[in-house]
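Only one structure is covered here, and it is reproduced in the block below.
Residue indices begin at 1 and follow the sequence shown.
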Amino acid sequence: QLQLVESGGGSVKAGGSLRLSCAASGYTYSMGWFRQAPGKEREGVASIPSTGDNQHYADSVKGRFTISQDRAKNTLYLQMNSLKPEDTAMYYCAANLDAGWTPLQALESGGRGFMFWGQGTQVTVSS
């Protein structure tokens with residue numbers, strides 16, 4: 001059973017930066033970052049295929065967030081710059097898509113299709 005552990009969350013002021021990490025216990029294929037704010041549905045932030053190219057981003061984070069991975073370390077990252085109060089949420093990483101799902105579909109559906117999930121890390125952005 002693949003295990004995912006997120007870290008790097010915290011509290012920052014608007015305009016600040018954070019880098020989230022997601023350490024996997026084994027090899028991963030497609031991966032993604034998702035977030036859920038209180039009272040809201042989970043939404044996709046960014047996804048990356050197993051090849052590492054052609055990343056997908058939610059419109060709300062394009063140009064500010066960057067998803068990347070270090071295969072040697074089995075670690076996924078999310079660099080978050082120019083943070084806004086509306087970025088406040090619990091952030092989750094997910095890995096390995098079920099058959100029939102693409103990284104873009106999983107991103108747009110709020111994570112449906114991903115089989116493994118981490119426990120989440122809280123990001124709070126104050127104005």
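- Atom CE of Met90 is separated from atom OG1 of Thr121 by 7.5 Å, given to the nearest 0.5 angstrom.
- Residues Ala94 and Phe34 share a closest heavy-atom pair of CB-CE1, 4.0 Å.
- Considering OG of Ser21 and CD of Gln69, their distance stands at 13.0 Å, rounded to 0.5 Å.
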Salt bridge (charged side-chain N to carboxylate O under 4.0 Å, His left out) between Asp87 and Lys84: does it pass, once the steps are laid out?
-> CA-CA 5 Å; Asp87 294 318; Lys84 304 175 180 180; over 6 Å; no
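- The environment of CD in Gln3 is sparse: at most 12 heavy-atom neighbours from other residues, nucleotides or ligands sit within 6.0 Å.
- Remark: side-chain polar atoms of Thr88 are paired, donor with acceptor, to backbone N or O of Val125 under 3.5 angstrom.
- Heavy-atom minimum distance, Tyr77 versus Asp70: CE1-CB, 3.9 Å.
- Between the side chain of Arg71 and the backbone N or O of Thr28 there is at least one donor-acceptor pair closer than 3.5 Å.
- Leu76 CG to Met31 CE: the interatomic distance, rounded to the nearest 0.5 Å, is 4.5 Å.
- Test Val123, Val61, Leu20 against Arg35 for side-chain contact (heavy atoms from CB on, under 4.5 Å) and you get one pass: Val61.
- Tyr57 contributes a side-chain N or O that, together with a main-chain N or O of Ile67, makes up a donor-acceptor pair within less than 3.5 Å.
- The closest donor-acceptor contact from the side chain of Gln119 to the backbone of Val5 lies at 3.5 Å or more, if one exists at all.
- Classified by interplanar angle (parallel below 30°, tilted 30° to 60°, perpendicular above 60°), the ring pair Tyr92/Trp117 is perpendicular.
- Remark: side-chain polar atoms of Glu6 are paired, donor with acceptor, to backbone N or O of Gly120 under 3.5 angstrom.
- Looking at every heavy atom in both residues, Ala106 comes nearest to Phe114 through CB-CE1, 3.5 Å.
- From Leu83, atom CG reaches atom OG1 of Thr124 across 10.5 Å, with rounding to the nearest 0.5 Å.
- One finds the CG atom of Leu97 at 11.0 Å from the CZ atom of Phe116 (value rounded to the nearest 0.5 Å).
- For Arg42, the CZ atom counts as densely surrounded, since its 6.0 Å shell holds more than 12 non-hydrogen atoms of other residues, nucleotides or ligands.
- Linking Ile, Leu, Val, Met, Phe, Trp and Tyr whenever their side-chain heavy atoms come within less than 4.5 Å puts Ile48 and Leu4 in one cluster.
- Of all heavy-atom pairs between Ser30 and Ser50, the closest is OG-N, 3.7 Å.
- The heavy-atom pair separating Leu107 from Ala58 by the smallest distance is CD2-N, 4.1 Å.
- Leu104 and Val45 are not part of a single hydrophobic cluster, where members link through side-chain heavy atoms under 4.5 Å apart.
- Contact between Ala23 and Thr75 at its shortest, heavy atoms only, is CA-OG1, 4.1 Å.
- Here the straight-line distance linking atom CZ of Phe65 with atom OG of Ser17 works out to 9.5 Å at 0.5 Å rounding.
- In this structure a side-chain-to-backbone donor-acceptor pair under 3.5 Å is present from Asn96 to Tyr29.
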